[in-house]
Amino acid sequence: MAYDRKLIRNFCIIAHIDHGKSTLADRMLELTDTVALRDMEAQLLDTMDIERERGITIKSSPVRMFYTHADGKRYMFNLIDTPGHVDFTYEVSRSLAACEGAVLVVDATQGIEAQTLANVYLALDNALEIVPVVNKIDLPSADPERTIHEIEDVIGFPAEDAPRISAKLGTNVADVLARVVELVPPPGGDRSAPLRALIFDSIYDNYKGVLCYVRIKEGSVRAGTRIRSMATGAEFDVTEVGVFMPQLRVTDSLEAGEVGYVAASIKTVSETKVGDTLTDVANPAREPLPGYKHINPMVFCGIYPADGADYENLKEALEKLALNDASLSYEPETSQALGFGFRCGFLGLLHMEIIQERLEREFDLDLVTTAPSVIYKVVRINGAELSIDNPSNLPPAAEIDYMEEPMVNANVMTPSEYVGTIMELCQSRRGVFIDMKYIEEGRVNLRYELPLNEIIYDFFDQLKSKSRGYASFDYELKEYVRSDLVKLDFLLNGDLCDALSTIVHRDKAYAKGRAVAEKLQEVIPRQQFEIPIQAAIGGKIIARETVRAVRKDVLAKCYGGDITRKKKLLEKQKEGKKRMRQVGTVALPSEAFMSVLRIN
Amino acid sequence: MPGIYIHIPFCMAKCRYCDFASFADHADTEAYLAALETEMALCREALPQRLYDTVFLGGGTPSVLPEGAVSRVLEALTRKFRVTPDAEITLEANPGTLAADKLFEYRSAGVNRLSLGLQSANDRLLKKLGRIHTYAQFLESFRLARETGFDNVSADIMYGLPGQTPEDHLDTIEKLASLGPEHISAYSLILEENTPLYTDVTGGAQSLPDEDAAYEMHRQGIALLEARGYRRYEISNFARPGCESRHNLNYWNNGEYLGLGLNAHSALRIGEKWTRWSNTARLSDYIQACGSGERPFAGEPQAIPLAEEMFETVMLGLRKTEGVSDAAFRARFGRRMGEVFPKAIERLEKKGWLAEADGFFRLTAEGLDFQNLALLEMM
């Protein structure tokens, strides 16, 4: 029998990294006896190792809880945990669309951060009821009253009744549950209408195929229902529906207002993308739910196995990751320097880092990655337009009429003492100042227009280090604008090394060319001949360094008959040599390719 | 013929570049010497009988042992093992630890070759290395050695030292050669991790000569040594004709040797099997194992597969300027070296690093400089 809809609350938690979202979720699971204490592992909802280590959520993991309120009624809570990073804005918006309310957690020692604000606006766009909560009141530096004023000033809704909690200690967490019942409205939706189920996430399960995480907006779905993806038209037979306890539990059906999963022998997550609407083939809905977007990758890089023999392993690993990640794109590419690899597309920087890290950690691969690139628009003299995500594919300068690059609108929230250094940073990244507003005394929101290619590598790290970790950052893609871009190439002993080429703004090309050439000079080991390193724009050499020839490579001494030591050294040397990439006559270590990235 | 190495892990002070098993604390000397004698007995029982024709007391600094200890060790050794009457018996000694009494003792115990650690004739450099002696003390030790009848003396020197110039190195060679030792070892400094010098250099407190300067020391050093009548017979070793180190040549011929003492390494043919092992590098483990009647292994002895034994023979043999004797190789393995490494030999000959002449495969002067790279071709 369907659960009384008036007793259902679907909500999510919005918080900045480290403000205590996962800890609060853990406390809620405990208080509602959803997870026995002995089974608790800190931050249960974050299932991937990388998530736990970085304290961020990548995959949303929903969970169902039952809470008995002061009114004596038993409420069904569906908590949808949301990804917490700028790269996943679209996923966040779909998770929010599956809810009626959002618990806004703000750290009483830190205040509101850029990312939080962006997500609160997303929640308001989705007409969610906001339940503000002030966390970390146990810390000596906590200032709950000031934080509440900030919420009221910045977001503009009353927050004086916000629970002051310590998720870590469990203080006042019960108040949060009560506020959810009181403030978040129960779901609407007609249970007898044609099925419309919003997919807000999906994961691949080895036994069941893809599990679509859904919020049933209208109608109902059960095993045996033939469903259709309204975005792709693909049809599937539902094999199982169920809910998250947080372990999967099979149920007879999912009804409008409920949150659960649908399994239908779907082979990859790209067949049922986030934001898609599932409907009943026998009784189809006329319109899909609003908000579906096909999300295109914004950042690209080449990923190559450090050892060419691992190509097949890399391919399999990417296939496996893509099963679970519809926003990861990859296609084979070949580099003269790096051999066979893949051009991979990502939603953003964090997404790129996560994928690289998972490939290395979960699949035990050693990778060489090329400098990340955005998509440039190139208009040829003959009027033809091209999209370029790999510098090597850029036509010769003489054939290019003009180029465009993507710009973003960036918000940086920071304590005011760092405004100067952050403005310098944005300026040095070709940023155009838009405005600056005091959020409250001592805290500022800076708005800049920045080229995406200036922030895709180390902008975030720089921002953090220049503000001692206090500044937060959020951006959205704005538009393409014309830009004076050039391809910066590097020649080693006269041979072009394609994997080192980058597209940069002309004003920065000289400095970058010099810096990379210097770095290469440091990381390229001496070889038996002198190696000139040249940075070039078109045919013009703009910087030059030299790696001197090696003079001698021999072990001075064989220690008292200890020849195993010498053999080990030789084996290590051989291993190192095997991992070198040959560019023309020059052998390059993996670090050489990274050196293009590590330039300040 | 096989040789015996005996490790004495004690020094007056630890040099800043040293990562060998050696200690400045001598409290365990007596226990160590007792353990060493036990190990000799254990090996005597466990291993096939051999006739040994070299003995090398190395360290550490064997000359820091108290009076009588070296005689005791050598007496114990010759009671347990058969050593030829004309065996080369070398003792490593450091200036600052030698007196006439000790040298007389060594002579009468059978030591007939001294290896003195000079390292440099420049006191400033000696200090940087953490050596305990001055050049003047070396001169004194050398004079005493001659006076007590040592007619086979070797000196170790090093180059590529922090703050060293090619002139410093040549000056050391010139001064040393004028004394006329029979043998000189000239090693380039190897910066080992976990040494104070490594910390000095990585932390910027000391800096090493750049690669080009170090190479000049190497190149000019060889030329000067040869000009003074010291023939280069191994990558880092020079001798008056006929005064080459027999003990070390045995290593480079991939011959058999028994290592006794802390962290000593051994290679012996046991039955048909070419076998290597090493002793523990922990002093307390060594003493304890011997005390309870067990061999103080660092790990199980390893039977070396034939292909590796062949590679080792080349790896070590190509350190000698004479090279690897194809006849000796064939006698040992039943195949010619050219059959085992045909491609590598072809590539190396083409590069001008390897030459075959008079039944020997030898590295050219350039090949010797790039021995590691040459060996990689054969792996």
Participant: Using heavy-atom distances under 4.5 Å, tell me whether B/Glu216 contacts chain A through its side chain, its backbone, both, or neither.
Facilitator: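 Just its side chain gets close to chain A.
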Participant: I'd like to know whether CD of A/Gln336 has more than 12 heavy-atom contacts from other residues, nucleotides or ligands below 6.0 angstrom.
Facilitator: no
Participant: For residues A/Asp553 and B/Asp369, determine if any side-chain heavy atom of one lies less than 4.5 Å from a side-chain heavy atom of the other.
Facilitator: no
Participant: Let me see the working for B/Asp19 and A/Arg565 under salt bridge (charged side-chain N to carboxylate O under 4.0 Å, His left out), right down to the final yes or no.
Facilitator: CA-CA 13 Å; B/Asp19 75 336; A/Arg565 184 160 161 167; 3.1 Å; yes
Participant: If I take atom CE from residue B/Met315 and atom NZ from residue A/Lys567, how far apart are they, to the nearest 0.5 angstrom?
Facilitator: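 That separation rounds to 6.5 Å.
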Participant: Take B/Met379 and A/Gln573, measure what side-chain contact (heavy atoms from CB on, under 4.5 Å) needs, and give me the verdict at the end.
Facilitator: CA-CA 11 Å; B/Met379 288 176 83; A/Gln573 196 171 356; over 6 Å; no
Participant: Is A/Glu571 in contact with chain B via its backbone, its side chain, both, or neither, using a 4.5 Å heavy-atom distance?
Facilitator: both
Participant: Are A/Arg548 and B/Asp212 ion-paired here, with the side-chain N under 4.0 Å from a carboxylate O?
Facilitator: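 Counted as a salt bridge, because a side-chain N and a carboxylate O are separated by less than 4.0 Å.
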Participant: Under 4.5 Å heavy-atom distance to chain A, tell me which part of B/Arg219 shows up: side chain, backbone, both or neither.
Facilitator: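 For B/Arg219, no heavy atom lies under 4.5 Å from chain A.
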Participant: Flag yes if more than 12 heavy atoms outside B/Arg282 fall under 6.0 Å of its CZ atom; otherwise flag no.
Facilitator: no
Participant: Identify, with sequence neighbours excluded, every residue that meets side chain to side chain donor-acceptor pair (under 3.5 Å) alongside A/Arg581.
Facilitator: none
Participant: With respect to B/Asn372, which candidate in A/Lys574, A/Lys566, A/Lys552 satisfies the side-chain hydrogen bond (donor to acceptor under 3.5 Å, both in side chains) definition?
Facilitator: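 By the side-chain hydrogen bond (donor to acceptor under 3.5 Å, both in side chains) criterion, B/Asn372 pairs with just one of A/Lys574, A/Lys566, A/Lys552: A/Lys566.
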Participant: Pick one of side chain, backbone, both or neither for B/Ser188, based on which atoms fall under 4.5 Å of a heavy atom in chain A.
Facilitator: both
Participant: Which one of B/Ile235, B/Ile190, B/Leu375 satisfies the side chain to side chain contact (heavy atoms under 4.5 Å, CB included) criterion with A/Leu555?
Facilitator: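 Filter result, single survivor: B/Ile190.
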Participant: Could you look at B/Leu368 and say if it's the side chain, the backbone, both or neither that has a heavy atom under 4.5 Å from chain A?
Facilitator: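 Backbone only.
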Participant: What part of B/His247 lies closer than 4.5 angstrom to a heavy atom of chain A: side chain, backbone, both or neither?
Facilitator: neither
Participant: Could you check whether any side-chain heavy atom of A/Ile563 comes within less than 4.5 Å of a side-chain heavy atom of B/Tyr251, counting everything from C-beta outward?
Facilitator: no
Participant: For A/Ser465, what residues pass the side chain to side chain donor-acceptor pair (under 3.5 Å) criterion, not counting sequence neighbours?
Facilitator: none
Participant: Counting only heavy atoms not in A/Lys315, do more than 12 fall under 6.0 Å of its NZ?
Facilitator: no
Participant: Evaluate whether atom CZ of A/Phe340 has more than 12 neighbouring non-hydrogen atoms of other residues, nucleotides or ligands under 6.0 angstrom away.
Facilitator: no
Participant: Checking heavy atoms, do the side chain of B/Phe311, its backbone, both or neither come under 4.5 Å from chain A?
Facilitator: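 Contact with chain A is through the side chain of B/Phe311 alone.
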